[in-house]
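Computed over heavy atoms, backbone and side chain alike; hydrogens, waters and symmetry mates excluded.
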Amino acid sequence: MEKIMQVIQDIKPLDIRSMEEMRNCLNNLTKPLGSLGMLEELPITLSGIAGHAAPKVDRKAIVVMCGDHGVVKEGVSAYPQAVTGLMMDNFVRGKAAINVLARQAGAEVQVIDIGSMLEEVPKEIIKKKVRYGTDNMAIGPAMSKEEAVQGIHIGIETAFDLADQGIDLLGIGEMGIGNTTPASAMTAVFTSISISQLTGRGTGINAAGLDKKIEVIERAIKGNNPNPMDPLDVLCKVGGFEIAGLVGVLLGAAARRIPVVIDGVISGAAALAAYRIEPLSRDYMIASHLSAEPAHQFILNELELKPLLNLEMRLGEGTGAALAFPLIESSTRIFREMATFEELGIPAHVENSKEKNEA
């Protein structure tokens, strides 16, 4: 916990002066005030994160944390647990959706085995396994507090390593069959919203499977009684190793003043846990999209984050983050490449002045 506490202390508020400087810069560009909407909000946030009004997102990376879940034994997924390992192999072959979208966005993909059931892990995957999958949270805690802390540490170290390599923008994703179950459970504990409202079909379970999944989550929360005021208690009782790793990435990136683009419901649950550990970490998060999984909307509401996209996606892997990267890059090109009113010899905000006179 000592390392986590030090990282928390290193997370500082956004730089307000830099944000105001960027806002003034955007207001002087050749467009009506605020007409580019969220494309103007992004560089203001990025300036606050960077601590100066010239943020860049040249080097981008997506961290995909992989782990398996004991709760799969309860029949909460439409796919067998072996698919986690098969998809990890797909990642290293560059054939998964995240690989395709990351290549298009000019981002590298870093795949980390933090808790899969694989005994022989492809050499291209970074091996940081806490152990071979979590325990079944329906009959006891998913992991020990020591293991949860270890998972967070791995995420922090990952963020620090990428920061040292000069990464400007991080995206987070995951792979783990059954992981919408712990994500929904964590969200239910943190928000007190009913499990039936939060729980979705994940990999595509039928109506009977959804009822079973809700019952399993209810049983897990009742049996483990996680304390909503203690994020670590929630994580170890009804979370997952890949979620713990993503919590660490979020905290570590915030400590190094690097923006993190969150993906769907699983990375959203990690974001909610990181926020409960240190509220300032939320200011370093960018919501890429709104997942089709119902818990995600409640997570974003709790974090007060607006998604950039709504494509009815529910894949995970960091795919939403990859799709958001070009939009974020576009927002930085606007203030770097657009002309100002002064450069065109036009008084700034002429439209606003005209409207005021006509009124």
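- Remark: Arg333 engages Glu329 in a salt bridge, criterion side-chain N to carboxylate O under 4.0 Å.
- Contact annotation: the side chain of Ile49 never approaches that of Pro55 to less than 4.5 Å [non-hydrogen atoms, C-beta and beyond].
- Asn206 contributes a side-chain N or O that, together with a main-chain N or O of Ala208, makes up a donor-acceptor pair within less than 3.5 Å.
- Linking ILVMFWY residues whenever their side-chain heavy atoms come closer than 4.5 Å, directly or via other members, leaves Ile346 and Leu36 in distinct clusters.
- Under the 3.5 Å distance criterion, the side-chain polar atoms of Asp283 are left unmatched by any main-chain donor or acceptor of Leu14.
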> Between Leu162 and Ile258, does a side-chain contact (heavy atoms from CB on, under 4.5 Å) hold up when you go through it step by step?
Replying inline: CA-CA 10 Å; Leu162 290 167; Ile258 296 175; 6.0 Å; no

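- We find the CD-CG distance between Glu302 and Leu300 to be 10.5 Å, quoted to the nearest 0.5 Å.
- Legend: residues meeting side chain to side chain donor-acceptor pair (under 3.5 Å) with Glu74, ordered by chain and number and at least two apart, are Asn136, Arg219.
- Scanning for side chain to side chain contact (heavy atoms under 4.5 Å, CB included) contacts around Ala295 gives Ser184, Thr187, Leu198, Val265, with sequence neighbours left out.
- In terms of the ring pair (Phe, Tyr, Trp, His ring centres under 6.0 Å) criterion, His69 has no residue partners (sequence neighbours excluded).
- Although no hydrogens or angles enter the test, the distance criterion places no donor-acceptor pair under 3.5 Å between the side chain of Thr134 and the main chain of Met143.
- Rounding to the nearest 0.5 angstrom, the gap separating the CG atom in Leu118 from the SG atom in Cys66 is 9.0 Å.
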> What's the verdict on side chain to side chain donor-acceptor pair (under 3.5 Å) for Gln197 and Ser194, showing C-alpha distance, side-chain angles and the deciding distance?
Replying inline: CA-CA 5 Å; Gln197 284 184 272; Ser194 71; 3.1 Å; yes

In a table with atom names and distances, give each donor-acceptor pair under 3.5 Å that connects a side chain of residues 314-326 to protein atoms at least two apart or in another chain.
from: Arg314; atom 1: NH1; to: Gly202; atom 2: O; distance (Å): 2.6
from: Glu317; atom 1: OE1; to: Ile98; atom 2: N; distance (Å): 3.3
from: Thr319; atom 1: OG1; to: Gly316; atom 2: O; distance (Å): 2.8

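- Defined by atom type and a distance below 3.5 Å, a donor-acceptor pair is present between the side-chain atoms of Gln6 and Asp10.
- Leu308 places a side-chain heavy atom less than 4.5 Å from the side chain of Leu42.
- Lys129 and Ser116 form a side-chain donor-acceptor contact under 3.5 Å, judged by distance and modelled atom types alone.
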> Going through the checks in order, is the side-chain contact (heavy atoms from CB on, under 4.5 Å) test met by Arg282 and Glu304?
Replying inline: CA-CA 9 Å; Arg282 186 271 311 274; Glu304 297 182 355; 3.8 Å; yes

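- Side-chain atoms of Lys213 and Thr180 include a donor-acceptor pair closer than 3.5 Å.
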> Under the side-chain contact (heavy atoms from CB on, under 4.5 Å) criterion, do Ile172 and Leu170 qualify, and how do the steps go?
Replying inline: CA-CA 7 Å; Ile172 55 173; Leu170 269 177; 5.6 Å; no

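- Here the CG-CD1 distance, from Leu232 to Ile152, works out to 5.5 Å after rounding to the nearest 0.5 Å.
- Going from atom CD1 of Ile286 over to atom OG of Ser331 covers 7.5 Å, rounded to the nearest 0.5 Å.
- Pairs of residues two or more places apart, or lying in two chains, that qualify as salt bridge (charged side-chain N to carboxylate O under 4.0 Å, His left out) and include a residue from residues 160-185 are Asp164-Arg256.
- Cluster annotation: Met1 is connected to Ile154 through the hydrophobic network of ILVMFWY side chains, with a link wherever side-chain heavy atoms come within less than 4.5 Å.
- Phe190 and Ile277 fall within a single hydrophobic cluster, where Ile, Leu, Val, Met, Phe, Trp and Tyr are joined by side-chain heavy atoms under 4.5 Å apart, directly or via other members.
- Annotation: the span from Ile44 atom CD1 to Leu39 atom CG amounts to 11.5 Å, rounded to 0.5 Å.
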> Which is it for Leu26 and Phe335 under the side-chain contact (heavy atoms from CB on, under 4.5 Å) test, yes or no, and what are the steps along the way?
Replying inline: CA-CA 6 Å; Leu26 293 167; Phe335 73 81; 4.0 Å; yes

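- Arg59 has a carboxylate O that lies under 4.0 Å from a charged side-chain N of Glu108, or vice versa, which qualifies the two as a salt bridge.
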>> Walk me through whether Glu20 and Asn24 qualify under side chain to side chain donor-acceptor pair (under 3.5 Å).
In response: CA-CA 6 Å; Glu20 286 301 318; Asn24 291 334; 5.2 Å; no

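- Tyr132 belongs to a hydrophobic cluster whose remaining members, ordered by chain and number, are Met117; membership requires side-chain heavy atoms of ILVMFWY residues under 4.5 Å apart, directly or through intermediates.
- Note that the CG atom of Leu290 and the CG atom of Leu305 stand 12.0 Å from one another [nearest 0.5 Å].
- Ile114 is connected to Ile4 through a chain of hydrophobic side-chain contacts under 4.5 Å among Ile, Leu, Val, Met, Phe, Trp and Tyr, so both are in one cluster.
- Both Leu309 and Ile62 are assigned to one and the same hydrophobic cluster, defined by single-linkage of ILVMFWY side chains at heavy-atom distances under 4.5 Å.
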